[in-house]
**Q** 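Structure below; questions to follow.
All of these numbers come straight from a predicted model, not from anything done at the bench. Order of appearance sets the numbers: ligands from 1, and atoms from 1 within every ligand. Hydrogens, waters and symmetry mates play no part in the numbers below; they use all other heavy atoms, side chains included.
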Amino acid sequence: MSNPYEIAFKRSIEDPDGFWAEAAQNCHWYKKWDKVLDDSNKPFYRWFTGGEINTCYNALDFHIEQGRGEQAALIYDSPVTDTIQTFTYTELRDLVARFAGVLKGLGVEKGDRVLIYMPMIPQAVIAMLACARIGAVHSVVFGGFAANELATRINDAKPRVIASASCGIEVKKVIAYKPLLDEAIEMSDAGARPEKCVIFQRPMTEATMVEGRDVDWEAAMAEAQPADCVPVKATDPLYILYTSGTTGQPKGVVRDNGGHVVALKWTMKAIYNVDPGDVYWAASDVGWVVGHSYIVYGPLFQGCTTILFEGKPVGTPDAGVFWRVISQHKVNCLFTAPTAFRAIKREDPNGDLIKDYDLSCFRALFLAGERLDPDTLKWAQSKLGVPVIDHWWQTETGWAICANCLGLHQFPIKEGSPTKPVPGWNLFVVDPDSNPVKAGEIGALVVKLPLPPGSLPTLWNNDERFVESYLREFPGYYKTADAGFIDEDGYVFVMARTDDIINVAGHRLSTGAMEEVLADHPDVAECAVLGVEDKLKGQVPVGFLVLNAGVTRSHDEIIAEVIQMVRSRIGPVASFKTATVVKRLPKTRSGKILRGTIQKIADNKEYKVPATIDDPATLGEMQEALEKIGYAKARK
Ligand code: COA
Ligand code: AMP
């Protein structure tokens with residue numbers, strides 16, 4: 001007998017039209033689609049072509065019509081400013097409509113881009129939904145990125161307007177956002193700069209306004225006329241979210257409107273098992289995909305109450321804050337990254353602070369963003385007594401590729417596995433020639449095309465890079481760039497990235513981008529950046545520098561300079577705090593840096609001396625260099 005998961009999975013693969021058309025019936029459409037899956041322009045598959053929809057309508061107005069106007073839509077909980085503010089569906093809709101009016105007043109039209117560079121405040125959510133309301137395309141940039149990264153995104157998205165705030169708050173530090181924004185606009189191409197910036201002034205820091213360009217959020221809201229939802233094509237873009245690629249140039253992941261509403265609303269019940277009226281909390285940031293999908297859109301599509309938390313798992317004020325938020329707001333389901341739990345566990349290993357709160361409302365914990373290590377899994381299971389679900393996904397996919405779908409069927413958990421492919425994801429493990437490998441064998445994790453609705457249709461203005469990055473290597477499949485295996489029971493294990501992406505505290509970063517920065521230092525001849533294991537953050541980047549011949553300056557000074565360069569060009573979020581000078585890097589005879597081997601040495605793992613190595617002595621030198629900076633415990 002098949003269980004509901006197996007039935008749903010089979011149907012999603014054999015009859016995707018029927019499966020997704022049924023899910024789409026739970027959403028509001030102005031005009032029904034002509035085709036569910038449109039494969040007329042392979043490999044660019046589109047969903048619900050001919051359909052007309054509005055994302056903001058589905059997130060807000062729809063629920064007001066269903067009688068949820070007085071229900072809390074958003075709870076802003078900010079221990080760093082000692083604020084708790086609740087917005088009902090009606091209140092949030094009114095604010096969003098008004099900000100949509102502000103944008104319209106500034107000349108923003110359907111298809112125009114609006115860049116949002118904001119901390120975790122309600123205005124960030126309002127700005128996103130306001131864009132959706134008028135068919136503008138938002139692009140949220142995470143606050144931890146430096147001006148240079150912001151400028152790269154401005155150049156690519158060419159926003160008509162930027163919405164920002166005077167500052168963000170990082171535990172006790174106030175980070176002024178406006179000077180970073182001004183610098184980024186200054187650095188960006190003249191033709192890409194916004195006409196206007198709307199700035200939300202926070203009481204902790206007053207931003208200096210640029211005359212003629214900058215508009216005060218509150219003043220603009222006071223004068224604006226509310227704007228109504230406009231129908232857009234299901235295939236029109238809702239947002240662009242930039243994510244790390246293998247170079248300093250980030251990839252602009254595009255999300256469409258129709259497929260996104262349908263898929264995310266479906267996941268709320270199927271994966272997370274939450275119903276309208278439930279309270280859902282994704283402790284992430286609106287700058288990441290988790291924030292887009294599960295702070296803002298998914299919970300609101302489902303008529304849930306969503307929590308916007310401006311704080312950290314520890315230090316705001318202590319390691320009990322997650323339990324305080326869960327009990328105070330009656331959270332049913334929490335989603336965060338394993339690193340948050342490692343941070344809590346480090347401060348409160350026995351989970352004593354949990355006992356101070358009534359968590360009877362709490363039903364499930366979902367973790368993603370990086371590998372869930374068994375210690376963290378077991379700790380969370382034993383301390384919380386609810387299902388702890390690892391699920392695997394990417395910015396590109398927009399929702400989980402693999403999960404234990406609590407709303408369909410709960411499978412027993414296997415440590416280290418995000419369980420099974422979610423309906424819609426036809427996952428395979430293949431060898432370099434695209435042939436599926438046997439159960440248990442490691443290979444490339446790839447998804448047979450078409451990808452389900454809600455996943456990226458392309459990269460912003462760059463179909464070529466989309467094909468090159470994801471579709472070229474394994475014809476007929478989407479390359480996840482993760483390696484792993486599927487065991488005999490169909491459980492998936494995600495082992496490692498196959499490119500230079502690393503995950504630092506659940507944040508996706510490119511070591512290649514960091515190498516580009518280091519290579520710019522005048523004393524650096526050659527360099528490598530690797531992600532090495534870290535107890536708290538999962539991975540942290542470590543830099544290896546080979547200096548130009550004749551450089552006699554202090555190594556410490558050069559190291560401090562490169563660390564500062566990464567911080568100011570990529571941002572503090574890179575957590576690039578360790579580098580060391582080496583005489584040379586271990587390489588193959590053809591000159592390729594042996595990154596995998598260096599990484600194994602750093603992580604103190606077994607390694608074989610590669611047959612192609614140019615000079616085996618370089619490995620010993622590497623061992624010594626790593627020991628000096630606290631990695632690679634001495635081997636016998
Ligand atoms: N704006 C400005 N600066 C930011 C920022 C933001 N939005 N977010 C992070 N930073 C800064 C931090 O202040 C820190 O700066 P520092 O070097 O001056 O200390 C740096 O970027 C690194 O931040 P982070 O990696 O978050 O480290 P942390 O030590 O501050 O916190 C954790 C570590 C584990 C507590 C935190 O990363 C966390 O809660 N992560 C889990 C939730 C999550 O965000 N997941 C994302 C995907 S689901
Ligand atoms: P991001 O685009 O920031 O969501 O990062 C996506 C990458 O994070 C994936 O390609 C994986 O390498 C990693 N990742 C996300 N979730 C998991 C998970 N549950 N297990 C292992 N790796 C994960």
**Q** Just to be sure I read this right, does ligand 1 sit under 4.0 Å from the backbone of Pro572, its side chain, both, or neither, counting only heavy atoms?
**A** both
**Q** May I ask you to identify the nearest protein heavy atom to atom 40 (N) of ligand 1, giving residue, atom name and distance to one decimal place in Å?
**A** Thr339 CG2, 3.6 Å
**Q** Considering only the protein, which heavy-atom contact is closest to atom 25 (O) of ligand 1, and what is its distance?
**A** Lys537 NZ, 3.3 Å
**Q** Given Arg346, His507, Lys173, which has its nearest heavy atom closest to atom 15 (O) of ligand 1?
**A** Lys173
**Q** Can you name the one residue among Leu456, Ile401, Asn426, Thr397 that meets side-chain contact (heavy atoms from CB on, under 4.5 Å) with Leu451?
**A** Leu456
**Q** Mind checking whether Tyr177 contacts ligand 1 via backbone (N, CA, C, O), side chain (CB onward), both or neither, at a 4.0 Å heavy-atom cut-off?
**A** side chain
**Q** I'd like to know whether the aromatic ring centres of Tyr5 and Phe411 sit less than 6.0 Å apart in this structure.
**A** yes
**Q** Run the ring-centre check on His260 versus His292 and record whether the distance is less than 6.0 Å.
**A** no
**Q** Could you check whether Lys414 makes a cation-pi contact with Tyr491, meaning its NZ or CZ is under 6.0 Å from the centre of the six-membered ring and within 45° of the ring axis?
**A** yes
**Q** For Met120, state whether at least one heavy atom is located under 4.0 Å from any atom of ligand 1.
**A** no
**Q** Return the orientation label for the His391 and Trp393 ring planes: parallel under 30°, perpendicular over 60°, tilted otherwise.
**A** tilted
**Q** Could you pull out every protein residue that has a heavy atom closer than 4.0 Å to ligand 2, ordered by chain and then number?
**A** Gly369, Glu370, Arg371, Asp390, His391, Trp392, Trp393, Gln394, Thr395, Asp482, Val494, Arg497, Asn503, Arg508
**Q** Protein heavy atoms: any of them under 4.0 Å from atom 6 (C) of ligand 1?
**A** yes
**Q** Look at atom 26 (O) of ligand 1 and say which protein heavy atom is nearest, naming residue and atom and giving the distance to 0.1 Å.
**A** Lys312 NZ, 3.2 Å
**Q** Would you say the ring centroid of Trp399 lies under 6.0 angstrom from that of Tyr294?
**A** no
**Q** Should the pair Trp288 and Phe145 be assigned to parallel (<30°), tilted (30 to 60°) or perpendicular (>60°) ring geometry?
**A** perpendicular
**Q** My understanding is that only one of Ile413, Leu365, Val386 makes a side-chain contact (heavy atoms from CB on, under 4.5 Å) with Gln381; could you say which?
**A** Ile413
